[in-house]
Number of protein chains: 2
Amino acid sequence: MRILQAVTDDYISTAEPVGSRTIARKYGLGVSPATIRNEMSDLEELGYLEQPHTSAGRVPSDKGYRFYVDVLMDPVELSPAEREHLREELLSKQRAMEHTIHRAARLLSALTHYAAVVVAPRPAETAVRGLHLTPLDECHVLAVLVTEPGFVENHVIELPAPMSDEELDRLAARLNEFLRGKTLRQVTRGFLSRLREEIDSRSVYDETVELLMNSLGSGSEERVYLEGALNLFEQPEFRDVERAKPVLGFLEQEEAVASMLSGLCSRAGTRVVIGQEHSRAEMKECSMVTAAYRIGDSVVGAVGVVGPTRMDYARAVSVVEALAESLSEALSHVPRRPA
Amino acid sequence: MRILQAVTDDYISTAEPVGSRTIARKYGLGVSPATIRNEMSDLEELGYLEQPHTSAGRVPSDKGYRFYVDVLMDPVELSPAEREHLREELLSKQRAMEHTIHRAARLLSALTHYAAVVVAPRPAETAVRGLHLTPLDECHVLAVLVTEPGFVENHVIELPAPMSDEELDRLAARLNEFLRGKTLRQVTRGFLSRLREEIDSRSVYDETVELLMNSLGSGSEERVYLEGALNLFEQPEFRDVERAKPVLGFLEQEEAVASMLSGLCSRAGTRVVIGQEHSRAEMKECSMVTAAYRIGDSVVGAVGVVGPTRMDYARAVSVVEALAESLSEALSHVPRRPA
DNA sequence: GTTAGCACTCTTTCCCGGTGAGTGCTAACC
DNA sequence: GGTTAGCACTCACCGGGAAAGAGTGCTAAC
């Protein structure tokens with residue numbers, strides 16, 4: 001185990017296959033290269049190490065990394081200065097919420113030198129704070145939904161029939177009263193039909209409400225912020241464009257990344273996915289460290305970094321965790337007003 | 001000139017330095033390779049062509065490309081099918097405006113196979129359609145600004161003193177009446193002070209309005225949508241990561257790209273910037289074709305593609321122009337409602 | 001169980017000559 | 001005078017070895 005650890009540590013920091021001599025010299029294990037060679041040979045047979053070719057040093061396999069992450073790795077603590085920096089950047093929220101999320105992604109990539117991904121809170125999971133309807137023309141309305149921590153999401157809907165400004169205002173006021181404080185997920189069919197009964201029963205209203213809720217509920221894709229994709233090129237394994245292209249191509253697809261991350265982070269906690277463990281073929285050369293962030297106690301989104309399997313897992317985990325923590329704090333901090 | 005055109009055309013399509021034999025064979029100019037060699041030698045002396053090394057073919061210089069773009073290039077028309085495709089994608093605007101802009105960027109990159117950049121309309125240049133204030137907590141308000149074609153922009157502002165929901169509502173209603181139909185640029189200091197006099201003269205209001213207008217006016221950065229950055233890797237000149245990094249790094253900086261594009265496209269029309277003509281060092285290996293798009297008659301944003309100097313200028317120009325045109329149409333199409 | 005010694009493997013690097021594309025120059029041609 | 005054929009020359013681009021170097025596996029001794 002100490003040898004596996006040494007090999008992994010060394011490979012992570014040098015990106016060169018590591019040989020028995022190196023281990024003996026740099027990591028005083030008190031044994032000679034020959035012994036280490038024997039052990040490494042065993043580790044290879046067990047599947048924890050691999051050899052790029054016969055006369056090269058050893059490299060951890062995905063299985064090796066997995067063991068390293070689960071058992072061997074020395075956890076690192078973020079320095080107090082870095083921690084403070086994070087909180088400062090995220091908690092001073094004089095800007096729109098999108099800025100906070102965006103900045104979170106930038107911080108993550110800057111602190112790890114990997115590519116960073118942040119999935120913005122799903123509107124369906126966050127409580128509604130306000131709904132505004134702005135007429136665009138006779139039969140189009142722009143619906144702006146403001147959710148709890150201050151996110152804004154907008155949709156254009158086509159009215160089944162023209163509606164006056166006054167009618168729209170009334171509808172908006174009614175809906176506001178009704179939705180405020182609930183998450184869209186909580187707004188079930190039952191709720192809706194009750195609302196419809198309460199409201200003026202003109203069928204235009206009826207259809208409009210239906211449309212609105214559909215649009216707001218289903219149409220809300222998750223926004224993904226990708227930062228520092230270029231960092232990947234600093235990694236020797238992605239110096240070759242052909243190797244980097246699949247990964248970058250995947251990361252550019254917002255929906256795919258969003259569904260991957262939110263699938264992974266349905267529960268709180270940090271996840272590490274290593275190489276072949278990925279379900280997506282494009283990612284099988286990469287590792288990913290992700291953590292969920294919360295508003296109050298409910299998980300609403302995820303942050304993560306993507307790098308080579310030869311990733312500095314210890315640091316990545318600590319940065320991702322600290323960032324998820326600070327982001328949760330930033331989003332939860334706004335005191336709820338009484339409804 | 002015919003030889004320069006032939007060399008440029010050929011180099012654009014093959015990416016290989018082109019020799020006298022090739023020209024003679026592929027472009028029946030009715031003269032022998034030797035003649036072409038003499039001419040090419042002259043063209044090199046005049047600075048229109050360059051030789052990578054003594055025994056290679058010729059390649060257009062930036063000056064050569066400039067002459068090609070200004071004088072020689074055969075303009076291409078987009079096929080009716082492509083034209084129709086563009087309009088269809090952009091004019092069916094059942095979605096939020098951001099989607100239209102985003103899609104414009106995607107279309108641009110898909111049609112040209114270069115990197116595409118779209119600068120979203122500056123809120124300050126577009127007429128206000130509505131302003132909504134949503135309280136976040138006792139002293140923070142989320143201001144949502146809806147501008148003419150349906151764009152939404154939001155800002156968090158800190159109130160100088162707590163304000164009740166009712167007060168906020170009244171303020172919002174007043175501001176709405178006042179701002180609707182004007183662009184933020186039109187809202188001058190004079191306007192503002194008149195507004196302040198009209199409104200309840202409590203100093204809280206006063207300061208709040210001041211804050212709001214500042215925040216909305218100055219704080220509004222231009223959003224840049226970048227798509228297809230990966231396309232650059234398909235180009236032989238960017239196959240090497242080291243060559244591609246500066247460009248990509250530059251394109252990732254939203255503010256820099258925004259200011260470059262909006263500087264370039266203050267007036268309507270298409271611009272081509274070739275290699276060394278760029279002010280930014282990172283772009284001196286690239287060319288860029290940009291065009292402004294409008295809402296009604298006023299220029300509000302720009303679209304562009306970035307590729308190697310060996311760009312298919314003819315096609316790039318026609319695609320960029322067609323897209324800018326369709327986008328203008330899409331954004332202007334919403335009939336204004338009487339104020 | 002550990003270690004030194006040693007032959008062996010395999011990649012990497014560098015050199016070197018051959019090949020081919022393309023040029024520039026010169027002299028001839030119309 | 002412009003155009004062309006001919007020819008020597010240049011230079012990047014392979015492909016094949018040879019040499020170097022890193023690291024291993026095996027064996028025999030400790």
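Computed from a prediction, not measured in an experiment: that's the story for all the values here. We name chains A, B, ... by the order of the sequence lines, and we start the count at 1 in each one. Values reported hereafter were calculated over all heavy atoms of this structure, with side chains retained and with hydrogens, waters and symmetry mates removed.
- Distance CD1 (A:Ile36) to C1' (C:dG1): 14 Å, rounded to an integer number of Å.
- Summarising the geometry, the separation between CZ on A:Arg37 and C1' on C:dG1 is reported as 15 Å, rounded to the nearest angstrom.
- Nucleotide D:dG2: paired with C:dC29 (Watson-Crick or G-U wobble, both distances less than 3.5 Å).
- Atom CG in B:Leu49 sits roughly 14 Å away from atom C1' in C:dG22 (whole-Å rounding).
- Contact annotation for B:Ala56: backbone-only contact, meaning every heavy-atom pair under 4.0 Å involves sugar-phosphate atoms and none involves a base.
- Contact annotation: A:Ser55 side-chain N/O to C:dT9 OP1/OP2 distance is not under 4.0 Å.
- Closest approach of B:Ala302 to B:Tyr293, counting heavy atoms only: N-CE2, 3.3 Å.
- Computed from coordinates, the A:Leu29 CG to C:dG1 C1' distance equals 16 Å when rounded to whole Å.
- Across all strands shown, D:dA29 pairs with C:dT2; the Watson-Crick or G-U wobble distances both stay below 3.5 Å.
- Inter-residue side-chain proximity for B:Glu234 and B:His113 is flagged as unmet; no heavy-atom pair is nearer than 4.5 Å.
- C:dC15: Watson-Crick or G-U partner is D:dG16, with both key distances under 3.5 Å.
- Close approach of DNA chain D to chain B, defined as any atom under 4.0 Å from a non-hydrogen atom of the protein, starts and stops at D:dT3 to D:dA12.
- B:Ser20 pairs in a side chain to side chain donor-acceptor pair (under 3.5 Å) with only one of the listed residues (B:Glu39, B:Arg25, B:Arg58, B:Arg37), which is B:Arg37.
- For the pair B:Glu39 and B:Thr54, nearest-nucleotide mapping onto DNA chain D gives the more 5' position to B:Glu39.
- Rounded to an integer number of Å, the gap from B:Arg21 CZ to C:dG22 P is 8 Å.
- When rounded to the nearest whole Å, the span between CG of B:Asn38 and P of C:dG22 equals 17 Å.
- Nearest-nucleotide assignment on DNA chain C puts the 5′-proximal partner with A:Ala34, out of B:Pro17 and A:Ala34.
- Between A:Lys245 and A:Glu282, none of the side-chain N atoms (NZ, or NE/NH1/NH2) sits under 4.0 Å from a carboxylate O, so this pair counts as no salt bridge.
- The phosphate of C:dT3 (OP1 or OP2) has a side-chain N or O of A:Thr35 nearer than 4.0 angstrom.
- Defined by atom type and a distance below 3.5 Å, a donor-acceptor pair is present between the side-chain atoms of A:Thr270 and A:Glu321.
- As rounded to whole Å, 11 Å separates atom P of C:dG1 from atom CG of A:Asp42.
- When each of A:Lys26, A:Arg310, A:Arg21 is tested with A:Asp10 by the rule salt bridge (Lys or Arg N to Asp or Glu O under 4.0 Å), just one qualifies, namely A:Lys26.
- Counted within 6.0 Å of CZ on A:Arg271, heavy atoms from surrounding residues, nucleotides or ligands total more than 12; the atom is thus considered enclosed.
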